[in-house]
Amino acid sequence: MSESEIQAGVGVGPLAGVRVVELAGIGPGPFAAMMLADLGADVVRVDRATDVDPTAFGTPHPDLLHRGRRSVAVDLKSAGGREAVLALVAGADALVEGFRPGVTERLGLGPADCLAVNPRLVYGRMTGWGQDGPNAPYAGHDIDYIALTGALHGIGRAGERPVPPLNLLGDFGGGGMMLALGVVSALYAVAGGARGQVVDAAIVDGVAVLSTMIHTLRRTGMWQDPRGVNLLDGGAPFYDTYECADGRHLAVGALEPRFYDELVRRTGFPLPGDEAPDRNDPANWAALREAWGRLFRTRTRDEWTALLGSSDACVAPVLDWAEAPRHPHLAARGVFVEHAGTTQPAPAPRFSGTPTALRRPPPHPGEHTDEVLAEAGLTADRIAALRAEGSVA
């Protein structure tokens, strides 16, 4: 592939040539579609016809989760809108949707409807509770899903209430990322001769899978159910955060003895008058944390970073959202990129033979309606008729 083709976003990424239809939603569904687009898939987002604002066309939409794709605007409740979506589905490899169970079926766009026009289609479904089970009909959010799986119980300080970990664990880790993996896996099966199928990606399923290691540690007696008393949940003083002299924080992850020894050597721990009790005895952890806390408050975060950052002490500064893109390591790797005037995370992971790139800024609803529907085989007259009746916009 030529450099000019890469810059133009032609055939970029390992999913180049894969076509995906995304029925617009929020959160984990768009994230999964973004991941597929970042990996090179041609993703068409089906937005609501009522959301169209032609005056915004040609400018990036502010929602970065929509990046990398084109948008058509459709009234899914109309017969013409259903016709337009099924025309897209007929030429697609996958569809992703994030409605409550049964909604697409009522619209005439459920798995049976779509597989009837395209038997090789991978139909990806994103929900919190899943397509079945007692909770399936009800609304919920990330905090509810991680609460039910036990994950939320384990996050927080000892003796205090659980702390929501943003919505990264449920919506995006257990939800959108699992849906993207499921779609890619099903596409691989189709490429090997299998028929199309439905991918039921439920956030409760995904979060439970993500917690497999914790279940292993519990089974082997290496994890206690009370929060904030374990090796990886802030219970251990050598795996925690500390406030520095300037009020900013350090993250310390010196789990292994050799890394802890390096941390001790470089910092001169403990301060005069403090002791360094055996770190292997949890009975000493409270005293050990206090001693480390006093030491780390003697210098600023950046002074500690200069002393410890380039070493095996396993210490990193806790950066805020604005600082992170400027960190030398992240800058050297291009973890954040500037695209369409906005600093944002670069596509991940990286591929040696089929490199990824950000190809398109986030579109506004309906920005590519005529273009995409024409590619799907609809004539200019038919598109005009659908537009006149309000089925597309």
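No experiment lies behind these values; they were computed from the predicted model shown.
Because its NZ or CZ atom is both nearer than 6.0 Å to the ring centre of Trp304 and within 45° of the ring axis, Arg299 counts as a cation-pi partner of that residue.
Atom-to-atom distance recorded for Asn118:CG and Leu86:CG is 10.5 Å, nearest 0.5 angstrom. Here Glu262 contributes atom CD and Thr267 contributes atom OG1; the two are 9.5 Å apart, rounded to the nearest 0.5 Å. To the nearest 0.5 Å, atoms CG (Leu263) and OG (Ser311) are separated by 8.0 Å. For the atom pair CG (Leu169) and CD1 (Ile143), the distance works out to 11.5 Å, reported to the nearest 0.5 Å. Between atom CG of residue Leu39 and atom CE of residue Met34 there is a gap of 9.0 Å, rounded to the nearest 0.5 Å. In this structure, Asp281 CG and Leu288 CG are separated by 10.5 Å, a value rounded to the nearest 0.5 Å.
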Please walk me through it: do Ser391 and Val74 pass side-chain contact (heavy atoms from CB on, under 4.5 Å)?
CA-CA 6 Å; Ser391 294; Val74 176; over 6 Å; no

Run Tyr242 and Arg289 through side-chain contact (heavy atoms from CB on, under 4.5 Å) and show every step you take.
CA-CA 9 Å; Tyr242 289 92; Arg289 176 177 283 101; 3.8 Å; yes

Stepwise side-chain contact (heavy atoms from CB on, under 4.5 Å) test for Leu232 and Trp223:
CA-CA 9 Å; Leu232 301 174; Trp223 194 271; 4.1 Å; yes

Show the numbers, then the answer: is there a salt bridge (Lys or Arg N to Asp or Glu O under 4.0 Å) between Asp38 and Arg67?
CA-CA 8 Å; Asp38 281 358; Arg67 73 189 188 189; 2.6 Å; yes

Would you check, one step at a time, whether the test side-chain contact (heavy atoms from CB on, under 4.5 Å) holds for Asp47 with Val72?
CA-CA 6 Å; Asp47 282 299; Val72 300; over 6 Å; no

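Residue pairs meeting the side-chain hydrogen bond (donor to acceptor under 3.5 Å, both in side chains) criterion with at least one member in residues 142-162, sequence neighbours excluded: His153-Arg227, Arg157-Asp240. Identified under the salt bridge (charged side-chain N to carboxylate O under 4.0 Å, His left out) test for residues 27-37, with sequence neighbours left out: none. For residues 333-353, no residue pair satisfies the salt bridge (charged side-chain N to carboxylate O under 4.0 Å, His left out) rule, not counting sequence neighbours.
Within the 4.5 Å cutoff, the side chain of Asp233 has no heavy atoms near those of the Tyr239 side chain. In this structure, the side chains of Phe57 and Val52 come closer than 4.5 Å at one or more pairs of heavy atoms. Here the side chains of Thr127 and Gln131 are in contact, with some heavy-atom distance below 4.5 Å. In this structure the side chain of Glu83 reaches within 4.5 angstrom of the side chain of Leu386, judged on heavy atoms. The shortest distance between side-chain heavy atoms of Gln197 and Arg120 does not fall below 4.5 Å. Between Val122 and Asp93, every side-chain heavy-atom pair lies at or beyond the 4.5 Å cut-off.
A donor-acceptor contact shorter than 3.5 Å is absent between the side chain of Asn284 and the backbone of Arg279. Formation of a donor-acceptor pair under 3.5 Å by the Glu367 side chain with backbone atoms of His364 is found in this model. Of the possible donor and acceptor atoms, one in the side chain of His61 sits under 3.5 Å from a partner among the backbone N and O of Asp63. Put simply, the side chain of Asn230 gets close to the backbone of Gln224: a donor and an acceptor are under 3.5 Å apart. Judged by distance alone, with hydrogens and angles left aside, the side-chain atoms of Thr369 form a donor-acceptor pair with the main-chain N or O of Ala393 at under 3.5 Å. Glu290 places no side-chain N or O within donor-acceptor distance of the main-chain N or O of Ala287, the cut-off being under 3.5 Å. Counting only distance, with no hydrogens or angles, the side chain of Asp42 and the backbone of Val18 share no donor-acceptor pair below 3.5 Å. Looking at Arg82, its side chain never comes within 3.5 Å of a backbone N or O of Ser78 through a donor-acceptor pair.
In this structure Asn167 satisfies the side chain to side chain donor-acceptor pair (under 3.5 Å) test together with Asp171, sequence neighbours excluded. Under the ring pair (Phe, Tyr, Trp, His ring centres under 6.0 Å) criterion, Trp292 pairs with Tyr260, Phe269, Phe296, sequence neighbours left out. Annotation: salt bridge (Lys or Arg N to Asp or Glu O under 4.0 Å) contacts of Arg125 (sequence neighbours excluded): Glu97, Glu105. Arg248 pairs by the salt bridge (Lys or Arg N to Asp or Glu O under 4.0 Å) definition with Asp246, Asp302, Glu323, not counting sequence neighbours. Every residue meeting the salt bridge (Lys or Arg N to Asp or Glu O under 4.0 Å) condition with Glu375, not counting sequence neighbours, appears here in chain and number order: Arg70. The salt bridge (Lys or Arg N to Asp or Glu O under 4.0 Å) search around Glu243 returns none, not counting sequence neighbours.
A continuous path of Ile, Leu, Val, Met, Phe, Trp and Tyr side chains, each step under 4.5 Å between heavy atoms, connects Tyr123 with Leu76, placing both in one hydrophobic cluster. In the hydrophobic cluster analysis, where Ile, Leu, Val, Met, Phe, Trp and Tyr join through side-chain heavy atoms closer than 4.5 angstrom, Trp285 is grouped together with Leu250.
The local environment of NE2 in His339 is crowded, with over 12 non-hydrogen atoms from other residues, nucleotides or ligands closer than 6.0 Å. Heavy-atom contacts from other residues, nucleotides or ligands closer than 6.0 Å to CZ of Phe336 number more than 12. When the shell of 6.0 Å around CZ of Arg218 is examined, it contains 12 or fewer heavy atoms from other residues, nucleotides or ligands.
Contact check on Arg258 versus Asp312 returns no salt bridge, with no Lys/Arg side-chain nitrogen under 4.0 Å from an Asp/Glu carboxylate oxygen. Looking at Arg387 and Asp370, a side-chain N of the basic residue comes within less than 4.0 Å of a carboxylate O on the acidic one, giving a salt bridge.
For the residue pair Thr342 / Gln344, no side-chain donor-acceptor distance below 3.5 Å is found, with atom types taken as modelled. Thr379 and Asp381 share no side-chain donor-acceptor pair at under 3.5 Å.
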Can you give the donor-acceptor pairs under 3.5 Å from side chains of residues 198-215 to other protein atoms, not counting sequence neighbours?
| from | atom 1 | to | atom 2 | distance (Å) |
| --- | --- | --- | --- | --- |
| Ser211 | OG | Ala208 | O | 2.7 |
| Thr212 | OG1 | Val209 | O | 2.6 |

Which pairs of donor and acceptor atoms, one on a side chain in residues 178-192, lie under 3.5 Å apart (sequence neighbours left out)?
| from | atom 1 | to | atom 2 | distance (Å) |
| --- | --- | --- | --- | --- |
| Ser185 | OG | Leu181 | O | 2.8 |

Show me the donor-acceptor pairs, under 3.5 Å and distance only, between side chains in residues 20-30 and residues at least two apart or in other chains.
| from | atom 1 | to | atom 2 | distance (Å) |
| --- | --- | --- | --- | --- |
| Glu22 | OE1 | Arg69 | NE | 2.8 |
| Glu22 | OE1 | Arg69 | NH2 | 3.3 |
| Glu22 | OE2 | Arg45 | NH1 | 2.7 |
| Glu22 | OE2 | Arg69 | NH2 | 3.3 |

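Nearest heavy-atom pair, Gly156 versus Val163, reported as atom, atom and distance to 0.1 Å: CA-CG2, 4.1 Å. Between Ala37 and Gly68, the shortest heavy-atom distance links the atoms CB-O, 3.7 Å. Nearest approach of Gly390 to Ala49, heavy atoms of both residues: O-CB, 4.4 Å. Of all the heavy atoms in Gly130 and Pro101, the pair that sits closest is O-CG, 3.6 Å.
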